[in-house]
Amino acid sequence: MSAAVQEQWLTLGPGRRLRLWLAGTGPLVLYLPGNECDSADALPLLPYLANQYRLAMIDPPGRASAEWPDEAFDFHQLAALVAQALGDLADQPQAVIGHSMGGMLAYHYARHQGGRVLGLACIEGFTTLGIHRSLVNQKGFGPVRMAEALRQDFLTRRAANRAWMLAHPRFDASFWPSQQSHDARPFAAALGIPILTLVGDLGQPLPVTGNDWRQRLGLEGVVACRAAAIPKV
């Protein structure tokens, strides 16, 4: 690991505490994890990012690291909450990497930030859940091409995050239905930023040309739209 990680705990109110990790120096890159995942998943990125960027990794509510009350929570609250948790960092120009739900959140966060986000890299995070289901291999939710130690750590964290949701039934019962209404297609082009989408190729049918990708991703109006498939082998 090429850079030391600073772990911070952010108190946002009574019974509301989130974890933020910071590493490296330079232009800001924000990492947002997916459902049942957390920012520890991004630690292997440090050797590639933290030597030239300031990497911020935040765990929103819904993870074992979060202290949060069991109350109704809407997916669309997350963009403002992430900005609040970042504090002064949110005012800097930044790029955002989002995995799955974190990629969906990245669209809304960029919209909320009003020009401070300079680009998105979405790892199987799409403009709608319908598009997600049409492009992602539904049997592929799990560790692929991971060293055994990384795989075991990932599965342990995922089990802990699932347990957190089970222990917060009101949160769980409201968060997932609200996420299903996520649709970034009406405003994605208006963001005016480059968007990179990465999809794991596990043998499912995938678009071939750039225009095919643009149409399937619901990003027809995004000029700087790129997509790539990550091979399994």
Side-chain angles (χ1 to χ4, degrees), residues 5 7-22 29-45 55-87 89-90 96-113 117 120-130 132-133 136 138 140-143 150 153-184:
V5 180
E7 185 180 48
Q8 298 182 9
W9 292 95
L10 312 167
T11 300
L12 303 180
R16 291 168 167 80
R17 196 170 74 132
L18 303 179
R19 181 175 65 185
L20 171 69
W21 279 338
L22 297 170
V29 175
L30 171 64
Y31 178 82
L32 300 171
N35 287 336
E36 297 187 0
C37 301
D38 60 45
S39 292
D41 301 335
L43 292 178
L45 297 177
L55 182 61
M57 304 172 287
I58 192 164
D59 290 337
R63 286 142 192 87
S65 63
E67 181 182 344
W68 206 262
D70 184 22
E71 61 187 15
F73 191 92
D74 191 296
F75 166 80
H76 298 90
Q77 296 175 241
L78 280 176
L81 184 64
V82 168
Q84 178 188 358
L86 287 175
L89 285 175
V96 182
I97 301 172
H99 168 231
S100 190
M101 184 281 292
M104 299 175 188
L105 169 57
Y107 282 99
H108 297 277
Y109 176 77
R111 187 186 192 189
H112 178 273
Q113 289 300 95
V117 173
L120 305 181
C122 298
I123 306 168
E124 295 196 340
F126 303 95
T127 51
T128 72
L129 277 167
H132 178 103
R133 295 186 185 101
V136 173
Q138 298 303 304
F141 183 65
L150 287 177
D153 286 347
F154 172 81
L155 292 175
T156 298
R157 290 194 305 272
R158 193 169 78 172
N161 293 332
R162 284 177 173 173
W164 189 98
M165 293 297 273
L166 289 173
H168 294 73
R170 295 183 183 86
F171 184 103
D172 189 22
S174 55
F175 184 77
W176 173 240
S178 69
Q179 188 181 337
Q180 294 183 67
S181 67
H182 152 73
D183 189 348

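All heavy atoms count here, side chains included; hydrogens, waters and symmetry mates do not.
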Contact check, side chains of [X] and [Y], non-hydrogen atoms, under 4.5 Å:
X: L78; Y: F175; value: yes
X: L129; Y: M104; value: yes
X: M101; Y: P33; value: no
X: M57; Y: L20; value: no

Taking only residues two or more places apart in sequence, or in another chain, which ones meet [X] in a side chain to side chain contact (heavy atoms under 4.5 Å, CB included)?
X: S100; result: H132
X: A83; result: A90, Y109, H112, Q113
X: T156; result: none

Hits for salt bridge (Lys or Arg N to Asp or Glu O under 4.0 Å) against R158, two or more places apart or cross-chain, chain-then-number order -> none

Sorted by chain and number, sequence neighbours left out, side chain to side chain donor-acceptor pair (under 3.5 Å) with W164 holds for none

By side chain to side chain donor-acceptor pair (under 3.5 Å), D153 pairs with (sequence neighbours left out) none

Stepwise side chain to side chain contact (heavy atoms under 4.5 Å, CB included) test for L105 and V82:
CA-CA 10 Å; L105 169 57; V82 168; 4.1 Å; yes

Result for side-chain contact (heavy atoms from CB on, under 4.5 Å) between L30 and one of L55, V117, I58 points to I58

| CZ/R162: more than 12 non-hydrogen atoms of other groups inside 6.0 Å | yes

**Message:** The test is side chain to side chain contact (heavy atoms under 4.5 Å, CB included); show your working for L18 and W9 and say whether it passes.
**Reply:** CA-CA 6 Å; L18 303 179; W9 292 95; over 6 Å; no

message = Would V96 and V29 count as a side chain to side chain contact (heavy atoms under 4.5 Å, CB included) here? Give the steps.
response = CA-CA 6 Å; V96 182; V29 175; over 6 Å; no

CE of M165 to CZ of F171, rounded to nearest 0.5 Å, is 5.5 Å

Rounded to the nearest 0.5 angstrom, the NE2-OG distance for H99 and S39 is 12.0 Å

Nearest heavy-atom pair of [X] and [Y]: which atoms, and what distance?
X: L120; Y: A106; result: CD2-O, 3.8 Å
X: L22; Y: Q8; result: CD1-NE2, 3.4 Å
X: C122; Y: Y107; result: SG-CE1, 3.9 Å
X: A72; Y: S174; result: CA-OG, 3.3 Å
X: A85; Y: L10; result: O-CD1, 3.3 Å
X: P44; Y: A40; result: CD-O, 4.0 Å

Task: No-hydrogen, no-angle side-chain donor-acceptor test under 3.5 Å, N35 and Q179 - done: yes

If we ignore angles and hydrogens, is there a donor and acceptor under 3.5 Å between the side chains of H182 and H108? yes

Tell me if a side-chain donor or acceptor on [X] pairs with a main-chain N or O of [Y] at a distance below 3.5 Å.
X: N161; Y: R63; result: no
X: R16; Y: P14; result: yes
X: T128; Y: D183; result: no

- Task: Evaluate the criterion salt bridge (charged side-chain N to carboxylate O under 4.0 Å, His left out) for residue pair R19 and E67; output intermediate values, then yes/no.
- Result: CA-CA 9 Å; R19 181 175 65 185; E67 181 182 344; over 6 Å; no

- Message: Which label fits F73 and W68: parallel for a plane angle under 30°, tilted from 30 to 60°, or perpendicular past 60°?
- Response: perpendicular

Inset, instruction - Kindly determine whether W21 and D59 satisfy side chain to side chain contact (heavy atoms under 4.5 Å, CB included), including the steps that lead there. - result: CA-CA 9 Å; W21 279 338; D59 290 337; 5.5 Å; no

